[in-house]
Asker: 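Encoded as structure tokens, here's the structure I'll be asking about.
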Amino acid sequence: MSPISFRLLILTLACFLIKTACVRSAGARLIIENEGKPGEAAVTFTFAKHFQNHLVLQREPARANIYGFSPSIGQTVNAQLVTPTRTYTYSTTVQKSSNASVGIWTVELDPQNADTPANISVTSKGITLTLTDVIFGDVWICSGQSNMQFSVNQMEDAAAEKADVNYPTIRLFTVRDKLSTVPLDDLIEVQQGWTRPSSGVVGDFSAICWVYGKNIHKTLGHAIGLVHSSWGGTPAEAWSSPVALAKCGNLHDRKGDKYDNYNEEYIIHESTTEVRLQDQNSNSVLWNAMIHPLLKTSIKGVIWYQGSADASGVKMQHYNCTFPTMISDWRLNFHQASNSQTNPSFPFGFVQLYPNANAPTQSVGYPDIRWHQTADYGYVPNPKMPNTFMAVAMDLPDFNSPYGSIHPRDKKDVGDRLALGGLAIAYGRQEVFQGPYPSKAEVTASGFKITYGSSANLEIRNISGFELLCLSRWVAANITSHDQVSVTLHNPCRAGESIKGVRYAWRESPCSFKACAVYGKVNSLPAPPFILAVASDAKGHSYIDFDAPVYN
């Protein structure tokens, strides 16, 4: 018997003897809970934990999935979907899962228009389960680390935000922070079950998620379901599957990851303590416990805030692979697990990192992650990150935040900016959702000229923020002149030093509040940071073709 198997046997016997609540995930994808009564069935006929009264199911064209668990493999499950105009009936059977004693049943519902109200019932062996006050709309998952977890109660103007909650077809759900060393089919615990907004409920909910969802709802008018599943201080690796991590060389870069015994790991949950073999920063543990259980659900898309925990060392160097690969992997898994009902390229929005400490000279870490968040393109969507959108937040510092400078209180601007991207990418609305991005740059007689495209409408709020690479040293290059479509920088290079590169806002904290150099007048969006090499043509003319779409 292996050491891990022996430990598992001892722990199982201990749980039985002291009659405490134990949770095992050894070789099983469904968490099995037993209250310590000998002979009591650990699994009953039930919905998965995130199917509750008041929930939002994904509207047409998708077919929303409902599912749950049963000990009676092969047993028939009958279901009814009752809408104001029609009653739909379904029949399915309980299928085997990875655990011989646990079955999974799934019902694929007929597509329903937005805002269709419904009640749902499922019956097996004389037991009926019901869901009431269900509504069809768009389901968005909000995930990441602490700035996604940051609540409405903590944000600036919280009182005003909590007073604006009369949106009965927005529904909120929060996953409890839990981890697992194997992928689970059901959530370990729910923090806040599906509910309509109220001042108290919204106050405890993710601020970015709420502002984003409310903006989408107010613009489009239909029901929105917001599923908040985030954990502060965690790296992208914890939210990534082992398959995704392996593609970027991240699988074994943390001491203590034990994927050689992937199906023999375990954790024990008791009423007051939790014994862990790994912590929340370990590879895949949050993917396993807080995302994998949601995969069968039909969703519209995801929004994400994360990156601070990856802003150094090997994780920072890999992030231009880790993050795009995680997005692709989530898309693939949601699509496959939902029986193709979730779009294989569903929209994925993210927040480019806020400033952290007031460090105007710090040019390593956060600037690198911001660049890597775009797979080193500087803008999204791009060839490596299709159907994505980004909210730039580097111009929103809050160095006096009582929650630490890493947690700025201005979540409304971020949610608003993110919603512009969601409306454009996810819903095809004609919105300017990213600030100006250059189309070309060249050395001219008057200086280094950066052009943002013929349709740009620039607003210059500061002359600083640009730097030129003079042979091998970066030197500040202030704006000396500008017009509606371009800025010209003075050339600070010494005689004999050619310009080898240009970068913009390449600092952890590049400017004061909403006072970076370049904005677009449409929607007042800041230009994102960039760093690029300068090329020379056959005649020695220095230039850059940015090869990027023009957003305004």
Side-chain angles (χ1 to χ4, degrees), residues 142-150 177 179 208 229-257 259 278-291 302-330 348-357 359 362-378 380 382 384-385 388 390-394 404-408 414 418 505-510 528-531:
C142 309
S143 189
Q145 58 179 113
S146 55
N147 272 297
M148 183 62 77
Q149 208 166 31
F150 196 93
D177 289 354
L179 57 86
I208 290 176
S229 183
S230 66
W231 190 324
T234 53
E237 290 81 354
W239 297 97
S240 300
S241 76
V243 172
L245 293 174
K247 291 179 180 178
C248 297
N250 293 330
L251 191 58
H252 292 287
D253 65 1
R254 282 187 61 85
K255 184 178 180 180
D257 288 340
Y259 291 104
Q278 299 181 328
D279 66 18
Q280 70 272 19
N281 300 306
S282 299
N283 285 349
S284 300
V285 292
L286 305 184
W287 158 260
N288 291 337
M290 298 177 69
I291 299 299
V302 170
I303 61 170
W304 173 264
Y305 185 104
Q306 192 277 332
S308 302
D310 288 89
S312 63
V314 172
K315 291 196 295 293
M316 181 186 77
Q317 296 165 13
H318 286 191
Y319 202 81
N320 58 355
C321 179
T322 303
F323 184 45
T325 302
M326 188 202 81
I327 294 172
S328 298
D329 189 67
W330 280 31
F348 194 108
F350 62 94
V351 181
Q352 198 178 44
L353 288 188
Y354 278 106
N356 183 12
Q362 179 64 36
S363 60
V364 176
Y366 272 46
D368 297 273
I369 287 295
R370 292 185 186 118
W371 184 242
H372 292 339
Q373 283 180 296
T374 68
D376 299 353
Y377 280 81
V380 295
N382 62 53
K384 290 185 179 179
M385 300 176 69
T388 58
M390 172 177 74
V392 176
M394 65 180 184
S405 60
I406 199 170
H407 299 128
V414 172
L418 203 58
W506 203 260
R507 292 291 187 273
E508 181 171 314
S509 308
F530 65 82
I531 182 169

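What you see is a predicted model, and the numbers here were worked out from it, not measured in a lab.
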Asker: Any side-chain heavy-atom pair from Gln352 and Thr374 closer than 4.5 angstrom?
Answerer: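 The answer is yes; the side chains approach within 4.5 Å.
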Asker: Will you find, in the side chains of Asn356 and Gln362, an N or O donor that is under 3.5 Å from an N or O acceptor?
Answerer: no
Asker: Can you see which heavy atom on Pro529 is nearest to which on Ala505, and at what distance?
Answerer: CB-O, 3.9 Å
Asker: Considering all heavy atoms of both residues, which atom of Ala393 and which atom of Pro355 are nearest to each other, and what is their separation?
Answerer: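 So the two residues come closest at O-CD, 3.4 Å.
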Asker: Can you tell me how far CG of Asn320 sits from CE of Met385, rounded to the nearest 0.5 angstrom?
Answerer: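 Rounded to the nearest 0.5 Å, the CE-CG separation comes out at 10.5 Å.
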Asker: Please name all residues satisfying side-chain hydrogen bond (donor to acceptor under 3.5 Å, both in side chains) with Thr234, sequence neighbours left out, ordered by chain then number.
Answerer: Trp239
Asker: With sequence neighbours excluded, tell me which residues meet side-chain hydrogen bond (donor to acceptor under 3.5 Å, both in side chains) with Gln306.
Answerer: Gln145, Asp310, Tyr319
Asker: Under a 4.5 Å cut-off applied to non-hydrogen side-chain atoms, are Trp330 and Ser143 in contact?
Answerer: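 The answer is yes; the side chains approach within 4.5 Å.
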Asker: Supply the atom-to-atom distance Leu353 CG to Ile369 CD1, rounded to the nearest 0.5 angstrom.
Answerer: 7.0 Å
Asker: Not counting sequence neighbours, which residues clear ring-ring contact (aromatic ring centres under 6.0 Å, His included) with Tyr354? List them please.
Answerer: Tyr305
Asker: Return the minimal non-hydrogen interatomic distance between Pro510 and Met394, and the atom names on each side.
Answerer: CD-O, 3.7 Å
Asker: Check step by step if side chain to side chain contact (heavy atoms under 4.5 Å, CB included) holds for Asn147 and His407.
Answerer: CA-CA 6 Å; Asn147 272 297; His407 299 128; 3.9 Å; yes
Asker: Measure the spacing between OG of Ser230 and CE of Met290 and express it to the nearest 0.5 Å.
Answerer: 6.5 Å
Asker: Could you tell me how the ring of Trp304 sits relative to the ring of Phe348: parallel (under 30°), tilted (30 to 60°) or perpendicular (over 60°)?
Answerer: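 It falls in the tilted class, 30° to 60°.
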Asker: Rounded to the nearest 0.5 Å, what separation is found between the CD atom of Gln317 and the OG atom of Ser312?
Answerer: 9.5 Å
Asker: How close do Asn281 and Pro235 get, counting heavy atoms only, and between which atoms?
Answerer: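 Shortest heavy-atom contact: OD1-CD, 3.4 Å.
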Asker: For Ser308, enumerate each residue passing the side-chain hydrogen bond (donor to acceptor under 3.5 Å, both in side chains) test, keeping only those at least two apart in sequence or located in another chain.
Answerer: Tyr366
Asker: Ser241: what forms a side chain to side chain contact (heavy atoms under 4.5 Å, CB included) with it, not counting sequence neighbours?
Answerer: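 For Ser241 the side chain to side chain contact (heavy atoms under 4.5 Å, CB included) partners, ignoring immediate neighbours, are Val243, Ala244, Trp287, Asp329.
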Asker: Shortest non-hydrogen contact from Met390 to Pro528?
Answerer: CE-CB, 4.2 Å
Asker: Heavy-atom distance under 4.5 Å between the side chains of Glu237 and Thr322, does that happen here?
Answerer: yes
Asker: Side chain of Glu508, backbone of Gly365: donor and acceptor closer than 3.5 Å?
Answerer: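 No; judged by distance alone, with no hydrogens or angles, the pair does not exist.
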Asker: With side chain to side chain contact (heavy atoms under 4.5 Å, CB included) as the criterion, how do Tyr377 and Lys384 come out once you've worked through the C-alpha distance, each side chain's angles and the decisive distance to 0.1 Å?
Answerer: CA-CA 9 Å; Tyr377 280 81; Lys384 290 185 179 179; 4.0 Å; yes
Asker: Locate the shortest heavy-atom distance separating His318 from Cys248; write the atom from each residue and the value.
Answerer: ND1-O, 3.3 Å
Asker: What's the verdict on side chain to side chain contact (heavy atoms under 4.5 Å, CB included) for Val351 and Met148, showing C-alpha distance, side-chain angles and the deciding distance?
Answerer: CA-CA 9 Å; Val351 181; Met148 183 62 77; 5.7 Å; no
Asker: For Asp368, enumerate each residue passing the side-chain hydrogen bond (donor to acceptor under 3.5 Å, both in side chains) test, keeping only those at least two apart in sequence or located in another chain.
Answerer: none
Asker: Between CG of Leu179 and OG of Ser284, what distance do you get to the nearest 0.5 Å?
Answerer: 11.5 Å
Asker: In Å, rounded to the nearest 0.5 Å, how long is the span from CG of Leu286 to CH2 of Trp231?
Answerer: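 Here the rounded value is 6.0 Å.
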Asker: If you apply the rule side chain to side chain contact (heavy atoms under 4.5 Å, CB included), what do you find for Gln280 with Asp177, and how did you get there?
Answerer: CA-CA 9 Å; Gln280 70 272 19; Asp177 289 354; over 6 Å; no
Asker: Would you please say whether a donor-acceptor pair under 3.5 Å links the side chains of Ser240 and Asn250?
Answerer: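 Distance-only check fails for Ser240 and Asn250.
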